[in-house]
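For reference, the structure is listed below as structure tokens.
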Amino acid sequence: MVFRVKSVRGELFALLTLAVTFVVATVILNSPVDGGPGVYLNAVETPKLGPSPSSSIYLMAALAAIVALLVSWKVHGSKLGTGLFAIHDDEDVAEVMGVPTFRYKLVAFAMSCALAGLAGGIHALFVSYVTAGETFNITVPLTVVLMSVLGGTRHWAGPAVGAAAITALLYAFTAGDHAVAGKAAVGAILVLVILFLPNGILGVVLKKRKGVALAPSPLPQAGEGAKAEAPRAPSVVTGKPLLEVHGLSKAFKGVQALDKVSLQVRQGEILGLLGPNGSGKSTFINVVSGHYPLSGGEIVFDGKPLTGLPAHRIAHAGIARTYQIPRPFKHMTVLQNVAMVGMFGGASLPRAQATREAWKWLEFTGLQDRAHALPDDINLHQRKFLELARALAARPRLVLLDEVLSGLTPGEINEAIALIRRIRDRAPPSSSSST
Ligand SMILES: Nc1ncnc2c1ncn2[C@@H]1O[C@H](COP(=O)(O)OP(=O)(O)O)[C@@H](O)[C@H]1O
Ligand SMILES: [Mg+2]
């Protein structure tokens, strides 16, 4: 497990987590559970839920399964679930779009551990014997991973479907030589599923039924609220600086990509950064948006220092960006990509409102007909405009556009220039900068 640490507070937190893990590991290592003969639990009484101890254990296991499914269903439809799907697709981009990735991963680990602990407690009562050797060998985690992959990892019911299939298979081959055959079958299924069914059984079934990829949320249709607002009167450059960068430096080992860059972007201003390939334009955007930590200098946004803040806090402050090479979340539809930023970016909208606004931005950028397509199924021009729609969905005060016109035809470039002017003219407090 790797946590990317981006702030002093995050560092302290990571150290604390490591320390706690170390203490817990030491306690476990020193107990007779690990390495020793194990612990018999005969003296532990089974809670009386049913007429007999075995029926009680069965009821507890059924209850744990229902609780796990409920948690999975709840997380799947929640903001946490959407953030986790985004982290799965591209963690760096998720952070820049406003997902507090460190916290979300920690919550996911904590919830998974709680459920595993609950299941382990019941299993310990069932076998009335606890030992680390057998529990932590490769078979258990492998079977659990296979259950999720086989059923479908992007649907809340996927692991349950996979668990039913694998359990039935293993029980069908319990005796003698068959046990080995069962294990071999599990291995073969794992390989085949990874190769041919990356979305699992439920992925295939639901795709056939809906004709769309698995969605973290229901997909509303275009309709009310989907009309693009008419551009407002052009805003004036008010003169108040929105972004102030002083002496910004960034070095990649030997390469000094930015050397003491200072500039100002004022409200209502469209500022272009010009330079040949490799002159540091993308690096500037990467550093200001928090994608890379800076090596020196200071960034002030609307009078508040941003230096050293994690990328999701910079997004919440009102800075949105596009990527020179589009980096959409690959397993989310075009609409979900945009709505997700509405939920996590500076606007922090509830899902329904973020989806309504996403339709508006898709219409604004001419992508409404491709709303239910996956990013891999649209062309480069459309992917660039998806980047733009995503940046706008955050309701940013400053948009950093990284070569949004490169690779486009002259006709598409004219369209894009008109669009950037329309963005600037939409809301007086917003401002754009492009490279
Ligand atoms: N992640 C990285 N690791 C190492 N060097 C990098 C990285 N990103 C950019 N650079 C280097 O920094 C310089 C500026 O690159 P970049 O900002 O992409 O330029 P531009 O966008 O103006 O074409 C280049 O020399 C490039 O090789
Ligand atoms: Mg570049």
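Indexing begins at 1, ligand by ligand and atom by atom, following the structure's order.
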For the residue pair Arg383 and Tyr323, would you count it as a cation-pi contact if the rule is NZ or CZ under 6.0 angstrom from the ring centre and within 45 degrees of the ring axis?
no
So, are Glu403 and Lys384 salt-bridged, with charged N and O less than 4.0 Å apart?
no
Could you check whether Lys360 makes a cation-pi contact with Phe364, meaning its NZ or CZ is under 6.0 Å from the centre of the six-membered ring and within 45° of the ring axis?
no
Which heavy atom of the protein is the closest neighbour of atom 24 (C) of ligand 1, given with residue, atom name and distance?
Gly278 O, 3.8 Å
Starting from atom 6 (C) of ligand 1, which protein heavy atom do you reach first, and at what distance in Å?
Phe252 CD1, 3.2 Å
Selection from Val255, Val287, Ile285 by shortest heavy-atom distance to atom 25 (O) of ligand 1
Val255
Which atoms of ligand 1 sit under 4.0 Å from any heavy atom of Ser279?
19 (O), 20 (P), 22 (O)
Quick check: Glu403 and ligand 1, any N/O pair under 3.5 Å apart?
no
Evaluate the 4.0 Å heavy atom contact test for atom 3 (N) of ligand 1: does a protein atom fall under the cut-off?
yes
Any atoms of ligand 1 less than 4.0 Å from a non-hydrogen atom of Tyr292? List them with their elements.
1 (N)
When you compare ligand 1 with Gly280, is there at least one nitrogen or oxygen pair between them that comes in under 3.5 angstrom?
yes
N/O/S atom of Gln324 inside 2.8 Å of the Mg ion (ligand 2), strictly under
yes
Measure up the Phe385 and His381 rings against each other and bin them: parallel (under 30°), tilted (30 to 60°), perpendicular (over 60°).
tilted
Just checking, is any N or O donor in the side chain of Arg103 or His312 under 3.5 Å from an acceptor N or O on the other one?
no
Quick one: side-chain contact (heavy atoms from CB on, under 4.5 Å) partners of Thr167, sequence neighbours excluded?
Met147, Tyr171
Metal check, the Mg ion (ligand 2) vs Asn277 N/O/S, cut-off below 2.8 Å:
no
With heavy atoms of Thr283 as the reference, note each atom of ligand 1 found under 4.0 Å away.
9 (C), 14 (C), 15 (O), 16 (P), 17 (O)
As a check for students: among Gly275, Ala257, Ser282, Pro276, identify the option with a heavy atom nearest to atom 12 (O) of ligand 1.
Ala257
Tightest non-hydrogen contact, residues Met340 and Ala86, listed as CE-CB, 3.8 Å
Hey, are Arg327 and Glu387 close enough for a salt bridge, meaning a charged N less than 4.0 Å from a carboxylate O?
no
